[in-house]
Amino acid sequence: MSLRFYNTLSQRVEEFHPARDNTVRLYTCGPTVYSYAHIGNFRTFTFVDILRRWLRASGYGLDHVMNITDVDDKIIRNAAAEKKTLGEYTAVYTQAFLEDCATLRLEVAEHLVKATDHIGDMADAIARLTAGQHTYTSDGSVYFRIATFPGYGKLSHNDFSGNLAGARVDVDEYEKADARDFALWKAPKEGETSWDTKIGPGRPGWHIECSVMAIKYLGETLDIHAGGVDLIFPHHENEIAQSESLTGKQFSRFWLHAEFLMVEGQKMAKSLGNYFTLRDLIGRGYKPEAIRYLLASVPYRKSLNFTFDGLQAAQMAIERLRNFKLRLDTEKLPEGGDDKMAARTEAAAQAFVNSLDDDLNTAEALAAAFEYARDANSAMDAGQFGADNRAAAVRFFEQFDAVFDVLKPSGADAGDDDSKIEARIAERNAAKKARNFARADQIRDELLAMGIILEDTKSGVRWKRK
RNA sequence: GGCGCGGUAGCCAAGUGGUAAGGCAAAGGUCUGCAAAACCUUUAUUCGUCGGUUCGAUUCCGACCCGCGCCUCCA
């Protein structure tokens, strides 16, 4: 089977191939940097990360643009409240966002682009839309006239035909000619940041930045455009209207949308006290890998119920996989290899690939890894996992971690150098040999206090950091 | 009201027209000087409810109930 994605546009699972050469042109909606991003945002960004990694694992090159929305009403309001310029204000949260991404091991897009760096490009685009009769001006603001775009509603599958025809309202009373029209360019307001451009002073509306930056860096037709489900309407619908009016070409071939995250079965809201940023969770002592695992473990098209029990479970689940990986790397294995084991390793790796190929079914992909770990552990116990079986198993887990990226511990735990630890272990081994178990246990406890966990195995002592 | 997503064991969660993956938790066991790790066994005769189609439905159809999202700037 080949790679398939559910396309919001067609409401079907479709086979995916990039349109040109071997590179995927991917655009994803990034954060609006008016405060710290919350875990709901990171659910979507984690999905994008898994998407990136799986596209690459599938043999494709990546050309990915993610925008940073650094001008909007909230930003203008908050910056003014703090008596900062827009740039000063957004720099803080842009930096915070990048740090959070690094914490969660989210890859950075090839092009990370800011709206405010593309004001001139947006003005150009709006001028072209105006030349094409797609806009009108009202009180100094420029609006997109939806009546000029017949395909409006094709992404969100809303039928606006009834709404649009003859829905003219009094222009003196309403600034927009039609309720569905949206601002491309907003007239400057007293005391608000604005830019002088070829279409006059003002600032861009929300939707235009994505169309302009996507087309500028990736061309007129994207392979994939992705974001959260809440963006389907109106944001992405409006992007389509603008872009396709501009180019006459299909804006994006595939539209992928991540479902919402809930917290303890409820929607996340500041008023409910269940609103968490990544920093909140790290501050509570949860490991970034556990958060990453939890966010990635539920397939992106299912809403994800984020719970602290779940986070705890995620931490334990990772531990299990890490224990297996450690054993795989250190176990003394019998000579030769077992053909059946080799076949099962191959089958597990294939199951992993098949799962992710199927619209990124991460839950099933994880199951393949866990089932394999159990199988291989049993085989090792039974002496049916030979030295020749190791390489393929290691390769499978590398393939696993190239996508999930949860096996390597993070944090500043490399305090004590290994040789010192090894020396203590040797000391304990001597004590054990002399059957001085009290002394051996004492050393083990001391190491444990340093965050070093010892495991006695048939093939010697294995240790790991907590 | 319109559009969309979902309701599966204590929790998280996959899945298929043919009789329920995986993880966590819990209990018992094996191994071990003791631990740890690992492995084994047990935990859904049942997949929101009610009908229908079918030899057979959790999976298809219909109705209903519940949760969530969007319907003018929220991932």
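Just so we're on the same page: letters track the sequence lines, and every chain starts at 1.
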NA contact type, A:K186, heavy-atom cut-off 4.0 Å: base, sugar-phosphate, or nothing? base
Please report, rounded to the nearest Å, how far the P atom of B:G6 is from the CD atom of A:E259. 8 Å
Are any of the side-chain heavy atoms of A:L333 and A:F385 separated by less than 4.5 Å? yes
Rounded to the nearest angstrom, tell me the gap between atom CG in A:L311 and atom P in B:A13. 14 Å
Between A:E244 and A:K154, is the closest basic N to carboxylate O distance under 4.0 Å? yes
What's A:H207 touching, base or sugar-phosphate or nothing? Going by heavy atoms closer than 4.0 Å. nothing
Is the NZ or CZ atom of A:R344 both under 6.0 Å from the centre of the six-membered ring of A:Y372 and within 45° of that ring's axis? no
Checking all strands, does A:G227 fall into the base, sugar-phosphate, or nothing category for heavy-atom contacts under 4.0 angstrom? sugar-phosphate
Can a salt bridge be assigned to the pair A:E427 and A:K432 using a cut-off of 4.0 Å between side-chain N and carboxylate O? no
Given the P atoms of B:G56 and B:U45, what is the spacing between them in whole Å? 23 Å
A:S355 and A:N361: side chain donor to acceptor below 3.5 Å: no
Sorted by position of nearest nucleotide on RNA chain B, 5' first, the leading residue of A:M268 and A:M262 is A:M262
Ignoring backbone atoms, establish whether A:N41 has a side-chain N or O less than 4.0 Å from OP1 or OP2 of B:A75. yes
Aromatic A:Y34 / basic A:K74 pairing, under 6.0 angstrom, 45° off normal: yes
Taking the basic N atoms (NZ, or NE/NH1/NH2) and the acidic carboxylate oxygens, is any pair closer than 4.0 Å for A:R428 and A:E446? no
With a non-hydrogen cut-off below 4.0 angstrom, is A:L454 in contact with a base, only sugar-phosphate, or nothing? base
At less than 4.0 Å, is any side-chain N or O atom of A:K464 found next to OP1 or OP2 of B:A37? Yes or no. no
Between B:A20 and B:U8, how far is it from one C1' atom to the other, in whole Å? 9 Å
Any salt bridge between A:R52 and A:D49, counting N to O under 4.0 Å? no
Answer with base, sugar-phosphate or nothing: what part of the nucleic acid does A:N323 contact at a heavy-atom distance below 4.0 Å? sugar-phosphate
Please state the C1' separation for the pair B:G15 and B:G22 - nearest whole angstrom. 11 Å
Could you label the plane-to-plane angle of the A:F45 and A:F97 rings as parallel, tilted or perpendicular, counting under 30° as parallel and over 60° as perpendicular? perpendicular
Hey, can you tell me if A:H257 and A:H236 have their rings parallel, tilted or perpendicular (30° and 60° cut-offs)? tilted
Taking only the C1' atom of each, what is the distance from B:U59 to B:U46 in whole angstrom? 13 Å
More 5' along RNA chain B: A:R428 or A:L294, using each one's nearest nucleotide? A:L294
Measure from the side chain of A:H38, starting at C-beta and using heavy atoms only, and say which of B:A75, B:G33, B:C40 lies closest. B:A75
Any side-chain N or O of A:N377 below 4.0 angstrom from OP1/OP2 of B:C39? yes
Please report the distance, rounded to the nearest Å, between CZ in A:F233 and C1' in B:C71. 6 Å
Please give the distance between the P atoms of B:A26 and B:G69 as a whole number of Å. 33 Å
Could you work out the separation of B:C24 and B:C31 based on their P atoms and round it to a whole Å? 23 Å
Rounded to the nearest Å, what distance is computed from the CZ atom of residue A:F45 to the P atom of nucleotide B:C74? 13 Å
Please indicate yes or no: is the ring centre of A:F42 less than 5.5 Å from the centre of the six-membered base ring of B:A75, with the two planes inclined by under 30 degrees? no
What does A:R327 touch in the nucleic acid at a heavy-atom separation under 4.0 angstrom: a base, only the sugar-phosphate, or nothing? sugar-phosphate
Salt-bridged, A:R462 to A:D456, with N to O below 4.0 Å? no
Atom pair distance, as rounded to whole Å: CZ in A:F260 and P in B:G67: 17 Å
Between P of B:C39 and CG of A:D381, the distance in whole Å: 7 Å
Among the candidates B:A37, B:G33, B:G2, find the nucleotide nearest to the side-chain atoms of A:E455. B:A37
Would you mind classifying the nucleic acid contact of A:H157 as base, sugar-phosphate or nothing, using non-hydrogen atoms under 4.0 angstrom? sugar-phosphate
Mark up nucleotides 14-25 of chain B, 5' to 3', with B wherever a protein heavy atom is under 4.0 angstrom from a base atom, S wherever such an atom reaches only the sugar-phosphate, and - elsewhere. SS-----BSSSS
Taking A:D381 first and then A:R327, would you say they form a salt bridge - that is, a charged N and a carboxylate O separated by under 4.0 Å? yes
Short side-chain N/O contact from A:Q11 to OP1 or OP2 of B:G4, under 4.0 Å: yes
Checking only heavy atoms, does the side chain of A:R462 share a donor-acceptor pair with the base of B:A37 at less than 3.5 Å? no
For RNA chain B, report each stem as range with range, ordered by first number, or say none. Use Watson-Crick or G-U wobble pairs under 3.5 Å, at least 3 in a row. B:1-7 with B:65-71, B:10-12 with B:22-24, B:26-30 with B:38-42, B:48-52 with B:60-64
Specify the separation, in whole Å, of atom NE2 of A:H235 and atom P of B:C73. 13 Å
Could you tell me how far B:G6 sits from B:A13 if I compare only their P atoms? Round to whole Å. 13 Å
Rounding to an integer number of angstrom, what distance separates B:A75 and B:G18 when you compare their P atoms? 41 Å
If only side-chain N and O atoms of A:N305 are considered, is one of them under 4.0 Å from the OP1 or OP2 phosphate oxygen of B:C12? yes
Rounded to the Å, how far apart are A:I232 CD1 and B:C68 P? 18 Å
